[in-house]
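Here the structure comes first, spelled out in structure tokens, and everything after it is commentary.
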Amino acid sequence: MTPFLPAPGEFWLASGHHLCDRDAAGRLVPTPDLWRAFLARPELVPPEDACAAERALHAGLLATPLRPVGPAEVAALEDADARENWALFLAFRDRVQAAPTLEAAWLSFYRGDVRGIPPIFLQMLTHLVARAAMEGEADAFTLRAAECLFRPQRAAIHHGATLLADEEVLEARAADGDFGAIGRLLAEAGAPPREVELEVLSEALAPAYAARSDAHDLALDIAEGRPGQAGLARALERFIRHAIGEAVVIRPVPVIEDQNWRWHVGLDAEATAIANALWRGEQVAQARLARLLWLGVLEFTETSRVLPEVAGRPVYLALAMDAAQRVRLKPQNLATGLPLKAAEQAT
């Protein structure tokens, strides 16, 4: 087998996108090798004390990832947790395979029912869809912003910057006692900020982004007027166009000043709650308003599928951190929250 050699400028190789085929529209079609990558996850690799039946199931799926697995084969596993894990994975595999593309599967999950789907599988699927959406994108700030679609972040306001850093990387560096260039945003949730010395994505570092993209070790400044602010708008535009099938233009704004505010989408739970309260005309404490990190105005290029009461009107987007300064961007809010007449899958 010829080893895969990434092309110059290749990014997010860990997504596994190179293990997929593409349809005529550039959307991803899973291959057996992609499912082998899922089967290599530690959640599915049998532990040393696994029973023979589980080892046989895993080996058989590695050889033929799409082979049918009946309930009796799963029931034969001795460990109850193993039975549950395999049942969940197989249900996920079969639902994904029933869709024409990974993008269509992603939409069907979030516009349907995600109960019973392990979050790690949904995160892996979102990673793949986001990677396909960014195909051909050369702007490092857009790509780093797009990491927020599938990687939780930690936020800090520091010397006029609004910094986002990968939460998993921060926690790993904290556990090792070595923050290195990434620095430290918080010792732990609720603790006072320590001195911050972050390696923040800059024009000078941008050419190196692709080579280190899978390390997720660059912070992003999304403060007003910074490249990261526009990068997040561009990343959302591309994701909406690719995954949802709607061409939109998004521009970041410092505040929302609209007496005829019709529609908004919170990009996370905290932003949704704050925006809902403001829309209802409620008073929101200044300390909570300060959690809003990024605001945007979305306009549809084609309005034929937009709800009549919103057609021609801006849709406001908001991103916030929670009380522990965590940022959990939920791209599924775009799949379910945009003012469209019908939630049709992109095909």
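Index from 1, following the sequence. Owing to the predicted nature of the structure, the values given are computational and were not obtained by experimental measurement.
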Distance, nearest 0.5 Å, that separates OG of Ser108 from CG of Asp113: 10.5 Å

Any side-chain heavy-atom pair from Leu143 and Ser213 closer than 4.5 angstrom? no

Taking atom types as modelled, is there a side-chain donor on His264 or Asn276 under 3.5 Å from an acceptor on the other? yes

Side-chain (Arg27) to main-chain (Leu102) donor-acceptor, under 3.5 angstrom: no

Approximate separation, where rounding is to 0.5 Å, of Asn260 CG and Arg313 CZ: 4.5 Å

Could you tell me whether the side chain of Ser202 and the main chain of Leu205 form a donor-acceptor pair under 3.5 Å? yes

Trp106 reachable from Val29 in the ILVMFWY side-chain graph, under 4.5 Å edges: no

Salt bridge or not for Arg328 and Asp268, using N-O below 4.0 Å? no

Using the rule that two of Ile, Leu, Val, Met, Phe, Trp, Tyr join whenever any of their side-chain heavy atoms come within less than 4.5 Å, decide whether Val310 and Leu298 are in one cluster. yes

Glu309 atom CD, neighbour heavy-atom count above 12 within 6.0 Å: yes

I'd like a table of donor-acceptor pairs (distance under 3.5 Å, sequence neighbours excluded) in which one partner is a side-chain atom from residues 60-68, with atom names and distances.
unit_1 : atom_1 : unit_2 : atom_2 : d
Arg67  : NH1    : Glu73  : OE1    : 3.4
Arg67  : NH2    : Glu73  : OE2    : 2.6

Assess the side chains of His127 and Glu147: does a donor N or O sit below 3.5 Å from an acceptor N or O? no

Would you say that Val69 contacts Trp86 through its side chain, given a criterion of any heavy-atom pair below 4.5 Å between the two side chains? no

Those residues that, when tested against Trp263, pass side chain to side chain donor-acceptor pair (under 3.5 Å) (two or more places apart): none

Quick check against the 3.5 Å criterion: does Thr142 have a side-chain atom that pairs as donor or acceptor with the backbone of Arg234? no

For the atom pair CG (Asp49) and CD (Glu54), what is the distance rounded to the nearest 0.5 Å? 9.0 Å

Determine the sole option in Arg131, Arg238, Arg241 for which the salt bridge (charged side-chain N to carboxylate O under 4.0 Å, His left out) test with Glu137 is passed. Arg238

Under 3.5 Å, is there a donor-acceptor pair between the Glu103 and His242 side chains? yes

With side chains defined as the heavy atoms from C-beta onward, is the minimum distance between Leu236 and Trp294 less than 4.5 Å? yes

Backbone of Phe150 reached by a side-chain donor or acceptor of Gln123 within 3.5 Å: yes

Inspect the contact between Glu270 and Arg326 and indicate whether a charged nitrogen and a carboxylate oxygen are less than 4.0 angstrom apart. no

Starting at CD of Gln286, measure out to CD of Gln283 and round the result to the nearest 0.5 Å. 10.5 Å

Check: Phe89 ring centre within less than 6.0 Å of Phe121 ring centre: yes

Co-membership, hydrophobic cluster, residues Leu44 and Leu34, 4.5 Å side-chain: yes

Is there a chain of hydrophobic side chains (I, L, V, M, F, W, Y, each step under 4.5 Å between heavy atoms) that links Val249 to Leu232? no

Taking the side chain as everything from C-beta on, heavy atoms only, tell me whether Thr101 gets closer than 4.5 Å to Leu28. no

Are Leu319 and Val327 close enough, and set up right, to give a side chain to side chain contact (heavy atoms under 4.5 Å, CB included), and what steps lead you there? CA-CA 8 Å; Leu319 179 70; Val327 179; 3.8 Å; yes

Expected output: side-chain Arg111 to main-chain Ala335 donor-acceptor under 3.5 Å: yes

Within the distance-only criterion (no hydrogens, no angle test), does the side chain of Asp221 pair as donor or acceptor with the backbone N or O of Leu163 below 3.5 angstrom? no

Apply side-chain hydrogen bond (donor to acceptor under 3.5 Å, both in side chains) to His216 and Glu167, showing your working. CA-CA 9 Å; His216 304 294; Glu167 184 172 60; over 6 Å; no

For the pair Asp166 and Arg154, find out whether any cationic side-chain nitrogen is under 4.0 Å from an anionic carboxylate oxygen. no

Heavy-atom donor-acceptor pair, Glu78 side chain to Cys51 backbone, under 3.5 Å: no

Between Glu199 and Arg212, is there a side-chain N and carboxylate O pair less than 4.0 Å apart? yes

Note: Ala165 and Arg144 closest approach over all heavy atoms is CA-NH2, 3.9 Å

Looking only at the aromatic ring of each residue, does the gap between the centers of Phe92 and Phe109 stay below 6.0 angstrom? yes

What do you reckon, are the aromatic ring centroids of Phe38 and Trp35 less than 6.0 Å apart? yes

When you compare the side chains of Arg83 and Asn85, does any donor N or O come within less than 3.5 Å of an acceptor on the partner? no

Distance-minimising heavy-atom pair for Ala271 and Ala318: CB-O, 3.3 Å

Between CG on residue Asp21 and OG1 on residue Thr31, distance to nearest 0.5 Å: 6.0 Å

Please evaluate residues Gln229 and Glu224 with respect to the criterion side chain to side chain contact (heavy atoms under 4.5 Å, CB included), reporting the C-alpha separation (whole Å), side-chain torsions for both, the decisive distance (0.1 Å), and the verdict. CA-CA 6 Å; Gln229 184 195 36; Glu224 184 179 358; 4.1 Å; yes

Between Met124 and Val114, is there a shared hydrophobic cluster once you connect ILVMFWY residues whose side-chain heavy atoms come closer than 4.5 Å? yes

Looking only at heavy atoms, the pair that brings Ala37 and Leu19 closest together is CB-CD1, 3.8 Å

Minimal non-hydrogen separation, Cys20 against Leu128, with atom names: SG-CD2, 4.2 Å

If only atom types and distance count, is the side chain of Arg55 paired as donor or acceptor with the main-chain N or O of Glu48 below 3.5 Å? yes

Shortest non-hydrogen pair, Leu293 vs Ala155, comes out as CD1-CB, 3.8 Å

Show, in sequence, the C-alpha distance, side-chain angles and deciding distance for Ile244 and Leu334, and conclude whether the side chain to side chain contact (heavy atoms under 4.5 Å, CB included) test is met. CA-CA 8 Å; Ile244 302 174; Leu334 296 167; 3.8 Å; yes

Heavy-atom distance under 4.5 Å between the side chains of Asn333 and Leu338, does that happen here? no

Which ILVMFWY residues are connected to Leu289, directly or by a chain of links, through side-chain heavy atoms under 4.5 Å apart? Val253, Ile256, Trp261, Ile274, Leu278, Trp279, Val284, Leu292, Leu295, Val297, Tyr316

Judged by atom type as modelled, is there a donor-acceptor pair below 3.5 Å linking the side chain of Lys341 to the main-chain atoms of Pro308? no

Counting only heavy atoms not in Gln97, do more than 12 sit closer than 6.0 Å to its CD atom? yes

If you apply the rule side chain to side chain contact (heavy atoms under 4.5 Å, CB included), what do you find for Glu246 with Leu340, and how did you get there? CA-CA 10 Å; Glu246 296 295 333; Leu340 301 173; 4.0 Å; yes

Any donor-acceptor pair under 3.5 Å linking the side chain of Glu237 with the backbone of Ile250? yes

Just verifying a value: how many Å separate His17 NE2 and Leu13 CG, rounded to the nearest 0.5 Å? 6.0 Å

Over all heavy atoms of both residues, which pair between Gly26 and Arg22 is shortest? Give the atoms and the distance, please. O-NH1, 2.7 Å

